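Working notes, beginning with the structure itself.
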Amino acid sequence: MRKALLLLSCALAAYAVFTLCSVLLLSDVKVRRGCVDAYGVPVYCVQWLPSGGNVKGTVVLLHGLGGSVEMMSWLGVELARNGFRVVAWDNLGHGRSASRLQPFNAAEAVRIYYAVLNALGVGEKDRIVLIGHSMGGYFAQEIAKLDPRVEMVVVVASRPYLNSSIKKVAVLAAFDEIFSFVRAEGWDTVLLPRDDHLTVLYNPAAINAILGRVAEEASNLASLRLAL
């Protein structure tokens, strides 16, 4: 009986420490969730916001085929902790957005991009960084061709092809089963030697590489969050 009580007490103490650490790690980030209207279609959106008043710029996260905003949340939290307003949404047919399955359609992705940013009040003079994973990387490059507010494009596990004077970063995985490693001209390319198409999203080294290029002085608690 005493052994059972001791084990229970240890388990409760560990849970309390875990909960406290998790709260502290997110104490400087505000999260807003909800739906916006995109041409008559409800689109589920998430914003990660720094708790302080100064916002360095807007970062838009674009998930991959079959993904959702939740898969981009590690990046969202760390970028918000470093002073950025981060916006992401479930593409149509994904996550909590409308269940009507949509094709691999860049034109539609661009329409939703403008609808969401307008609904959330992202201004014409705002600095925007696009970060896209897989299919989202393709969408990010197509959007960058059209929106002059975009100052940087980061593709994660996606084929880099954009030919533009803006800053371009490719974070690629050595064991990617979809895209082979490509060092494109004009791109700052980072190769993660032990990651695949999905694990690259959660690797603290990948998150740190992105933070270091988006923010001049970045801090990264992804390793501690992963340990917890």
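Just so you know, residue 1 is the first one in the sequence shown, and it goes up from there. Everything numeric here is computed off the predicted structure, so don't read it as measured data.
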Exercise. Does a donor on one side chain sit under 3.5 Å from an acceptor on the other, for Asp147 and Tyr113?
Worked result: yes
Exercise. Cut-off 3.5 Å, side chains only: do Ser158 and His133 have a donor facing an acceptor?
Worked result: no
Would you say [X] and [Y] are hydrophobically clustered, going by side-chain heavy atoms of ILVMFWY under 4.5 Å?
| X | Y | answer |
| --- | --- | --- |
| Leu75 | Val55 | no |
| Tyr39 | Val87 | no |
| Leu198 | Phe179 | no |

Exercise. Is Arg213 salt-bridged to Asp188, cutoff N-O under 4.0 Å?
Worked result: yes
For this session: Decide, yes or no, whether a salt bridge links Glu108 with Arg111 under the criterion of side-chain N to carboxylate O below 4.0 Å.
Result: no
Exercise. Could you go step by step and tell me if Ser68 and Tyr44 meet the side-chain contact (heavy atoms from CB on, under 4.5 Å) rule?
Worked result: CA-CA 10 Å; Ser68 70; Tyr44 176 74; over 6 Å; no
May I ask you to decide if [Y]'s main-chain N or O and [X]'s side chain share a donor-acceptor pair within less than 3.5 Å?
| X | Y | value |
| --- | --- | --- |
| Asn82 | Glu78 | yes |
| His63 | Asn91 | yes |
| Asn203 | Val200 | no |
| Lys168 | Ser164 | yes |
| Trp187 | Asn163 | no |

For this session: Begin from the C-alpha positions of Arg127 and Arg149 and carry the test side-chain contact (heavy atoms from CB on, under 4.5 Å) through to its verdict.
Result: CA-CA 6 Å; Arg127 171 201 173 196; Arg149 296 173 295 179; over 6 Å; no
May I ask you to test the [X]-[Y] pair for a side-chain heavy-atom distance under 4.5 Å?
| X | Y | value |
| --- | --- | --- |
| Val153 | Val169 | no |
| Trp89 | Val36 | no |
| Gln141 | Phe139 | no |
| Val122 | Arg85 | yes |
| Leu79 | Trp48 | no |
| Leu49 | Arg32 | yes |
| Val150 | Val129 | no |
| Ile166 | Met152 | no |

For this session: Check the pair Val46, Val31 against side-chain contact (heavy atoms from CB on, under 4.5 Å), reporting the backbone distance first and the verdict last.
Result: CA-CA 7 Å; Val46 177; Val31 182; 3.9 Å; yes
For this session: Would you indicate whether Glu177, at its atom CD, is surrounded by more than 12 heavy atoms from other residues, nucleotides or ligands within a distance under 6.0 Å?
Result: yes
Problem set entry | Enclosure of Asp37 CG (heavy-atom neighbours >12, cutoff 6.0 Å) | yes
For this session: Would you name the heavy atoms of Phe181 and Arg183 that are closest together and state the gap between them?
Result: CZ-NH2, 3.6 Å
For this session: Kindly determine whether Glu151 and Lys56 satisfy salt bridge (charged side-chain N to carboxylate O under 4.0 Å, His left out), including the steps that lead there.
Result: CA-CA 13 Å; Glu151 295 188 358; Lys56 298 176 181 177; over 6 Å; no
